[in-house]
Amino acid sequence: MSLDQQVQPMESVARREPARDRAEAYYGRLFGWSVRWRGMQPFLSLENGICAVTVPKLSAAPVLARLAAIGCEGPAMTMATQRGQRVAVLAETDGLIPPRAALPKDVEVLAWGALLPLPIGSRRTDIATEWVAAPNPQQRWLPSLDAVLAAIPARER
């Protein structure tokens with residue numbers, strides 16, 4: 001028995017809700033993502049080489065279009081934050097995460113333990129997230145962090 005199993009109470013399969021089973025099967029088993037739960041809301045734990053680049057929602061369309069033009073599109077979701085509506089583009093860390101000072105002021109890279117709320121079907125929860133570009137089971141790889149950052153136009157820093 002692992003330490004996690006010793007510390008955290010085991011959950012009976014009979015008590016689990018179908019939405020939770022679907023989310024864990026889809027995100028966890030199909031894509032291999034680390035899913036954490038807070039109540040009934042699943043969160044993607046950014047670990048194992050997965051990070052997210054967030055940009056303001058109004059700036060996201062050109063970035064997503066550039067990624068699609070070079071064949072590097074990947075999953076992207078909208079989410080409400082304290083800084084307003086943002087789009088998070090999932091990426092694979094391909095080296096060091098650039099320091100905050102090296103990024104445009106409206107761009108943020110989230111990694112290593114950050115949690116992103118995951119959409120769960122059409123059922124709304126208290127955390128409103130939606131896929132702008134849903135993960136594709138036929139294309140399970142993520143674009144590199146460098147490709148995503150290169151798709152963001154340079155701005156005043």
Side-chain angles (χ1 to χ4, degrees), residues 4 8 19-20 22-157:
D4 285 343
Q8 298 177 355
R20 187 174 180 134
R22 283 192 312 272
E24 286 186 2
Y26 187 70
Y27 296 126
R29 290 190 292 276
L30 182 60
F31 291 100
W33 296 349
S34 295
V35 178
R36 305 285 181 260
W37 290 85
R38 288 188 179 164
M40 293 306 300
Q41 177 66 45
F43 288 80
L44 172 62
S45 179
L46 299 177
E47 54 190 41
N48 300 322
I50 298 176
C51 66
V53 177
T54 71
V55 297
K57 185 176 180 181
L58 294 175
S59 305
V63 173
L64 297 175
R66 284 186 196 94
L67 287 169
I70 60 171
C72 287
E73 61 267 44
M77 69 178 81
T78 61
M79 59 186 176
T81 71
Q82 292 176 346
R83 296 173 59 192
Q85 286 288 321
R86 296 187 64 84
V87 171
V89 181
L90 299 183
E92 179 182 334
T93 55
D94 49 1
L96 297 175
I97 302 291
R100 178 75 192 105
L103 299 171
K105 63 181 175 181
D106 60 350
V107 175
E108 187 175 2
V109 177
L110 305 175
W112 298 299
L115 297 174
L116 289 180
L118 287 167
I120 45 176
S122 59
R123 188 174 71 97
R124 285 292 200 190
T125 63
D126 59 338
I127 300 173
T129 58
E130 297 181 273
W131 288 114
V132 175
N136 181 348
Q138 273 68 49
Q139 179 183 330
R140 295 190 319 203
W141 62 272
L142 297 174
S144 72
L145 175 58
D146 285 343
V148 175
L149 292 175
I152 298 170
R155 296 204 176 118
E156 294 285 327
R157 294 181 189 213

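Given the structure is predicted, the values throughout are model-derived calculations rather than measurements.
- Taking every heavy atom of both residues into account, L118 and M77 meet most closely at CD2-CE, 4.0 Å.
- Looking only at distances, a side-chain donor or acceptor of R100 sits under 3.5 Å from a matching main-chain atom of V107.
- Counting only heavy atoms from C-beta outward, the side chains of P153 and V63 approach each other to under 4.5 Å.
- When every heavy atom of A111 is checked against every heavy atom of C51, the shortest pair comes out as CB-CB, 3.9 Å.
- If you take OG1 on T81 and CG on L116, they are separated by 11.0 Å, rounding to the nearest 0.5 Å.
- S45 places no side-chain N or O within donor-acceptor distance of the main-chain N or O of E47, the cut-off being under 3.5 Å.
- Residues P137 and P135 share a closest heavy-atom pair of CD-O, 3.7 Å.
- Atom-to-atom distance recorded for N136:CG and E73:CD is 9.0 Å, nearest 0.5 angstrom.
- Between the R140 side chain and the L30 main chain, a donor and an acceptor come within less than 3.5 Å of each other.
- A side-chain donor from one of T54 and R86 sits under 3.5 Å from a side-chain acceptor of the other.
- Here the CG atom belonging to L145 is positioned 12.5 Å from the CD1 atom belonging to I50, to the nearest 0.5 angstrom.
- Taking CG from L90 and CZ from F31, the interatomic distance works out to 10.0 Å, rounded to the nearest 0.5 Å.
- Scanning all heavy atoms of the two residues, the minimum distance from C72 to A147 falls at SG-CB, 4.1 Å.
- The minimum heavy-atom distance linking G71 with W141 is given by the pair O-CH2, 3.4 Å.
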*V109 and L149: CA distance, side-chain angles, deciding distance, side chain to side chain contact (heavy atoms under 4.5 Å, CB included) verdict*: CA-CA 9 Å; V109 177; L149 292 175; 4.2 Å; yes
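- Ring pair W33/Y27 is parallel by interplanar angle, where below 30° counts as parallel and above 60° as perpendicular.
- The shortest non-hydrogen separation linking L67 to V148 is CD2-CA, 3.9 Å.
- Applying side chain to side chain contact (heavy atoms under 4.5 Å, CB included) to L110 and the options I97, L115, L44, L46 leaves one that passes, L46.
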